[in-house]
Amino acid sequence: MSDRMRLNLFTMNSVEHVSVGSWRLPGDQSHRYRDREYWTDVARTAERGGFDAVFFADVRGVYDVYGDNRETAVEKAVQTPSNDPAYLIPAMAEVTDDLGFAVTKSTSYNHPYQLAREFSTLDHLTDGRVAFNVVTSYLESAAANLGYDDRMDHDERYDRADEFMDVLYALWEASWDDDAVVRDPDSGVYTDPEGVSAVDHEGDHFDVPGPHGAEPSPQRTPVLYQAGSSDRGREFAAEHAEAVFVSQPSAEAVADYVDDLRERAASHGRDPDELAFFPGIVPVVGETEAVAEAKYEAYTDAIDTEGVLALLSGFVDVDLSEIDPDQQLEHIETEAIQGVVNAFTANDDRDWTVREVAEFAGLGTTSPVVVGTPEQVADEFEYWFEDVGVDGFNVKEVARPDSLRDFVDLVVPELRERGLLREEYDGETLRETTFGRRGLPDGHPGSR
Ligand SMILES: Cc1cc2nc3c(=O)[nH]c(=O)nc-3n(C[C@H](O)[C@H](O)[C@H](O)COP(=O)(O)O)c2cc1C
């Protein structure tokens, strides 16, 4: 476990992310997602609060499972429209010194040769402050738009992701020597060809001779995040992730998940303590209990239940408009996000109806919501950090940008007062500020 709490802001370059309906709150600025200044303000605020990174979710395709059409998702702005998060990063890096940026990219529809170069570019431009959230894509509509007849099967997506990572590691870690670039005007040698190697990857999904097109960036491999929660997804996370984004609705479920992932990491030859765990959490904070409760009431009133169901239907690939809201959610095997189904069906302590899931998921989907004064919210964060054993949090927003601002102005001082949160950044790259190490750890497949 870490000695200091880490924080990410979990957001998306879109109107609605995981609190569907919140764009209707008075003063909400979600519609400004297209505006550079909105994001540079977010970056400044997050850095003021000592956050490790702004973590961008991203998705391909439209949520058209609910009612078997896209109408609800489009009407309610359910992760559509959205813009590509990667292009925001240079602007946000320009106004900050230490804050990191996690960018979600899919291994299902990108090519590793291309993606390696994109991340190397971002890592150069940010002086090593970039993380890659490795996802596999779950929406059928993405496959159709990207030239595939069908979405790949769940486990096959992870097989492709494994090979994708192998190609990336070869390009990032093994293709260019540290001293390959000599830049010697007298001899006319910019790069010593001896220091640049092919990677000669031949596999089931990719043939990549290499070499990598970009010279080594400060981190070489960006910090690796993953959120797999099915059995196959956990195997993948245990092998590749440096930090795992946990999405479970209770402390017990999170603790079980952490134990399981650490065991799996050890079976992959890794030091299990090297994995860091970040559950999602939704803080709703006010100067007094009454103020916090009033905000919570306003937030829950704004929830758009139909929009939430459209989002969840896409997550689990089941048309929830067809199910009686008072029916208990049964365990289903899905080709989409098995982890979301498990979050509500695999815990012994509670049964959920569809209606209850929709209400719970209205603020932050599968994450706990914490309502209270700065002290009460800090107590809860401290409990998760000290007793449940997580390393930090992906803080989910409801009101934008008020949720972030409230947290930084009210909760951050309390966490700092308790010695839980950094006063200043130490280290230059994101990997240094978050993990205190420069490169990938020894047992990691990327360093092997
Ligand atoms: C907490 C969490 C966050 C995720 N974020 C994204 C995302 O931003 N974009 C995306 O395409 N998939 C995202 N996913 C989906 C995963 O990439 C993956 O497709 C999904 O979890 C299916 O794997 P699983 O069955 O192992 O859970 C996320 C999943 C979880 C649990």
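Source: prediction; values computed, not measured. Both ligands and their constituent atoms are indexed starting at 1 by order of listing.
Note: F236 and Y158 have tilted aromatic rings, judged against thresholds of 30 and 60 degrees for the angle between ring planes. Relative ring orientation between Y148 and Y109 is described as tilted, the plane-to-plane angle lying within the 30° to 60° band.
Proximity to G233 (heavy-atom distance under 4.0 Å) selects the following atoms of ligand 1: 26 (O). Shown in contact with F245 at under 4.0 Å from a heavy atom are these atoms of ligand 1, numbered in order with element: 1 (C), 3 (C). In summary, the atoms of ligand 1 found under 4.0 Å from a heavy atom of A57, numbered by their order in the structure, are 8 (O). The contact set between ligand 1 and G228, taken as ligand atoms under 4.0 Å from a residue heavy atom, comprises 26 (O).
Considering only non-hydrogen protein atoms, atom 19 (O) of ligand 1 sits nearest to T136 O, 2.6 Å. Nearest non-hydrogen protein atom to atom 2 (C) of ligand 1 is A227 CB, 3.5 Å. In terms of protein heavy atoms, atom 6 (C) of ligand 1 is closest to V135 CG1, 3.7 Å. The single protein non-hydrogen atom nearest to atom 21 (O) of ligand 1 is I337 CG2, 3.4 Å, given as residue, atom name and distance.
Between Y33 and Y38, the ring centre distance reaches or exceeds 6.0 Å. Checked against a 6.0 Å centroid threshold, the rings of F10 and F278 do not count as neighbours.
Paired with F393 under the rule ring pair (Phe, Tyr, Trp, His ring centres under 6.0 Å), one option of F385, F407, F381 passes, and it is F381.
Of the N and O atoms on the side chains of E242 and H444, not one donor lies less than 3.5 Å from an acceptor on the other residue.
R234 contributes no side-chain N or O that, together with a main-chain N or O of L261, makes up a donor-acceptor pair within less than 3.5 Å.
Residue S229 has at least one nitrogen or oxygen atom sitting less than 3.5 Å from a nitrogen or oxygen atom of ligand 1, judged on distance alone. Residue D58 places at least one N or O, backbone or side chain, under 3.5 Å from an N or O of ligand 1.
Using a 4.0 Å heavy-atom cutoff, H154 is listed among the residues neighbouring ligand 1.
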Item to check | Intermediate values then yes/no, salt bridge (Lys or Arg N to Asp or Glu O under 4.0 Å), D58 and K105 | outcome: CA-CA 7 Å; D58 196 25; K105 289 279 172 189; 5.0 Å; no

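Interatomic distance, CD of E432 versus CZ of R437, reported as 11.0 Å (0.5 Å rounding). To the nearest 0.5 angstrom, R4 atom CZ is 12.0 Å from L415 atom CG.
The option with the heavy atom closest to atom 23 (O) of ligand 1, from among Y158, Y138, F10, is Y158. For atom 26 (O) of ligand 1, the nearest non-hydrogen atom from the set G61, S108, A102, S230 belongs to S230.
If you look at M12 next to ligand 1, there are no close heavy atoms at all, none under 4.0 Å. At a heavy-atom distance under 4.0 Å, only side-chain atoms of T104, from C-beta outward, approach ligand 1.
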